[in-house]
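Owing to the predicted nature of the structure, the values given are computational and were not obtained by experimental measurement. Below, each value reflects all heavy atoms present in this structure, side chains not excepted, and no hydrogens, waters or symmetry copies. Chain A is the first sequence line, chain B the second, and so forth, proteins listed ahead of strands; every chain is numbered from 1.
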Amino acid sequence: MDFAATGKKRRIFGVDFSGAKDSCKKIWVSSGRSVGSTLHIEDCYRLADQMGSGSSSRSGRDECFSALRSLIVRENDAVFGIDLSFSLPEHLMEYDWESFIESFSSKYPSAEQFRESCRDRAGGKELKRTSEIKAKVPFSVYNLRLYRQTYFGIRDVISPLVNDGLVCVLPMQEAKDGKPWLIEICPACRLKKEDMYIQYKGKTDDRRNARRRILEYFMNKGLVISSSLQKLIVADTEGDALDSIIATYSTFISLSRLSEIPDTSPENYAIEGYTFF
DNA sequence: CTTAAGTGCTACTGAGCTAA
DNA sequence: TTAGCTCAGTAGCACTTAAG
């Protein structure tokens with residue numbers, strides 16, 4: 001398949017994921033479309049904002065993840081870049097990827113048991129996947145700061161969608177027409193790659209200015225975005241809105257690289273997955 | 001007054017980088 | 001070589017503010 005041509009007709013989504021108890025408030029979704037060599041952003045919102053009124057804070061993880069799954073399934077002509085690991089380091093994978101996904105929830109009853117199991121089998125080390133080392137990710141996917149994200153993301157988003165055959169997870173699965181495509185994205189790695197890895201999360205003027213600088217940097221590289229959305233993104237002190245925009249941009253530029261994966265990625269990509277950035 | 005929602009703070013692991 | 005620092009984040013707690 002010619003991903004550069006076929007993929008770019010698809011609507012492009014970027015998701016900043018969260019495994020927190022109040023994940024609805026922390027998950028941000030952005031979307032846009034490819035126009036020539038530019039990316040036009042159409043939307044950027046908290047997941048809570050597109051769920052029913054009154055549910056924003058009362059809803060637990062289950063409802064948030066259900067809402068995210070619905071959103072993905074609705075967009076059968078889209079590609080989603082998600083800030084979430086779809087897999088584990090090869091040493092911790094016992095089966096092929098699809099078997100791993102299928103048995104995940106029965107194998108790991110809780111996020112804490114998932115983390116303990118990974119640590120035990122890795123001899124206390126925090127192992128990284130081959131593509132993560134290349135992408136210079138700061139943390140292992142079962143690190144203290146990330147294990148909930150990895151656990152709930154695989155258990156409640158990736159696994160149900162894959163088990164029901166509703167999505168194509170690349171590059172482990174074939175990209176098919178009529179289904180949403182999912183790829184793994186790392187906004188922090190994109191910023192490192194662009195030499196724009198500066199501190200931008202927080203309430204101080206410095207951090208706000210940093211968010212604006214990063215946004216303007218990507219606007220100079222073909223990101224087109226309305227002034228009202230720009231304000232919203234810079235105003236989000238947590239930086240999650242900006243993360244979702246970077247995820248969308250990363251997905252946009254990754255489209256032309258999708259077909260290269262088998263040639264340029266490590267041998268074990270089929271089981272470990274591949275982090276785009 | 002009562003309760004829900006928001007804010008600010010701390011603790012928590014390991015790895016990689018830099019300065020000395 | 002080593003000390004010090006920062007980093008894909010979240011939970012729990014005390015406290016303040018808003019809504020009724």
Touch class at under 4.0 angstrom, heavy-atom based, for A/E238 against every strand present:
nothing
Integer-rounded Å distance: C/dA8 P and A/Q199 CD
9 Å
Residue closer to the 5' end of DNA chain B, A/K136 versus A/R119 (nearest nucleotide):
A/R119
Let's test this: given Watson-Crick or G-U wobble pairing with both distances under 3.5 Å, identify the partner of B/dT13.
none
Any A/K203 side-chain nitrogen or oxygen under 4.0 Å from OP1 or OP2 of B/dG8
yes
Look at A/S18 and C/dT10 and indicate whether a side-chain polar atom (N or O) is within less than 4.0 Å of OP1 or OP2.
yes
Looking at the side chain of A/L144, which of C/dG9, C/dA11, C/dA8 is the nearest nucleotide?
C/dG9
State which of B/dG16, C/dA11, C/dA8 makes the closest approach to the side chain of A/R61.
C/dA11
Please pick, from C/dA11, B/dA15, C/dT6, the nucleotide with the shortest atom-to-atom distance to any side-chain atom of A/D22.
C/dA11
So, is A/K21 near the phosphate of C/dG12, with a side-chain N or O under 4.0 Å from OP1 or OP2?
yes
Within the structure, does a side-chain N or O atom of A/Y197 lie under 4.0 Å from either OP1 or OP2 of C/dA8?
yes
Would you name the heavy atoms of A/I185 and A/G81 that are closest together and state the gap between them?
CG1-CA, 3.5 Å
Ring centres under 6.0 Å, that's the criterion: do A/F104 and A/Y151 meet it?
yes
What closest approach, in Å, do A/D177 and A/R10 show between heavy atoms, and which atom pair accounts for it?
CA-NH2, 3.9 Å
Separation of B/dT13 P from A/E116 CD (nearest whole Å):
10 Å
Tell me the interatomic distance from A/I198, atom CD1, to C/dT6, atom P, rounded to whole angstroms.
16 Å
With the threshold set at 4.0 Å, does a side-chain nitrogen-carboxylate oxygen contact exist between A/R11 and A/E75?
yes
Look through every strand shown and name the nucleotide pairing with C/dC13 as Watson-Crick or G-U wobble, where both distances are under 3.5 Å.
B/dG8
Of the listed B/dA15, B/dG14, C/dA11, the closest approach to the A/N143 side chain comes from B/dG14
Would you say B/dG14 has OP1 or OP2 under 4.0 Å from some side-chain N or O of A/R145?
no
Is it the case that the ring center of A/F65 lies less than 6.0 angstrom away from the ring center of A/F17?
yes
Please tell me if A/K25 has a side-chain N or O lying less than 4.0 Å from either OP1 or OP2 of B/dG6.
yes
For a quick check of understanding: with a heavy-atom distance under 4.0 Å over all strands, which category does A/K192 fall into, base, sugar-phosphate or nothing?
nothing
What's the CG-C1' distance between A/D240 and C/dT10, to the nearest Å?
12 Å
If you check the A/E126 side chain, which of B/dG14, C/dA8, C/dT10 turns out closest?
B/dG14
